[in-house]
Amino acid sequence: MSKDQKHFNCSEEHEIEYVASLYAHSEKVKQLLKDKCKSKEIHYSTHAEVYALIEKELKYPLPH
């Protein structure tokens, strides 16, 4: 199973750090992820769904 299909775990700080590190504006991404975790909007989302949300909300392209 590729990492993109694994579920994003909001309770793991290293997951937020990892995804944020894939983007040039990592602090903005990190804050978005924390906000979406707090609101439970991305609970049970896959990594691919989280990347799509970042692209939709912040207009940052999907990481390669």
Side-chain angles (χ1 to χ4, degrees):
M1 180 189 292
S2 78
K3 184 149 181 82
D4 287 353
Q5 296 310 311
K6 290 186 178 177
H7 282 91
F8 183 80
N9 188 341
C10 283
S11 65
E12 297 289 336
E13 183 70 27
H14 69 89
E15 289 232 21
I16 293 171
E17 294 287 340
Y18 168 74
V19 171
S21 75
L22 300 174
Y23 294 88
H25 301 286
S26 62
E27 288 303 315
K28 278 187 171 184
V29 173
K30 193 184 307 182
Q31 190 58 55
L32 175 71
L33 294 175
K34 288 181 178 187
D35 291 346
K36 297 299 181 180
C37 283
K38 190 174 183 179
S39 70
K40 299 194 184 310
E41 191 172 331
I42 59 175
H43 276 278
Y44 308 112
S45 295
T46 64
H47 279 251
E49 291 167 335
V50 169
Y51 300 143
L53 175 85
I54 293 166
E55 184 171 32
K56 178 183 165 209
E57 297 271 330
L58 298 176
K59 308 294 189 251
Y60 297 157
L62 297 173
H64 298 283

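Applying the side chain to side chain contact (heavy atoms under 4.5 Å, CB included) test to E12 and every residue at least two apart in sequence or in another chain returns N9, H14, E15. The ring-ring contact (aromatic ring centres under 6.0 Å, His included) check on H43 picks up nothing, with sequence neighbours excluded. For Y23, the ring-ring contact (aromatic ring centres under 6.0 Å, His included) test picks out no residue, with sequence neighbours left out.
Taking CG from L33 and CD from E17, the interatomic distance works out to 10.0 Å, rounded to the nearest 0.5 Å. Atom-to-atom distance recorded for S45:OG and Y51:OH is 12.5 Å, nearest 0.5 angstrom. Atom CD of residue Q31 and atom CD1 of residue I16 lie 9.5 Å apart, to the nearest 0.5 angstrom. Atom CD1 of residue I54 and atom NZ of residue K28 lie 13.0 Å apart, to the nearest 0.5 angstrom.
A 4.5 Å side-chain heavy-atom check between K30 and K34 finds at least one atom pair inside the cut-off. In this structure the side chain of K36 reaches within 4.5 angstrom of the side chain of L53, judged on heavy atoms.
A donor-acceptor pair under 3.5 Å links the side-chain atoms of E49 to the main chain of T46, judged by distance alone. Remark: side-chain polar atoms of K59 are paired, donor with acceptor, to backbone N or O of K56 under 3.5 angstrom.
The shortest heavy-atom contact between S26 and A20 is CB-O, 3.0 Å.
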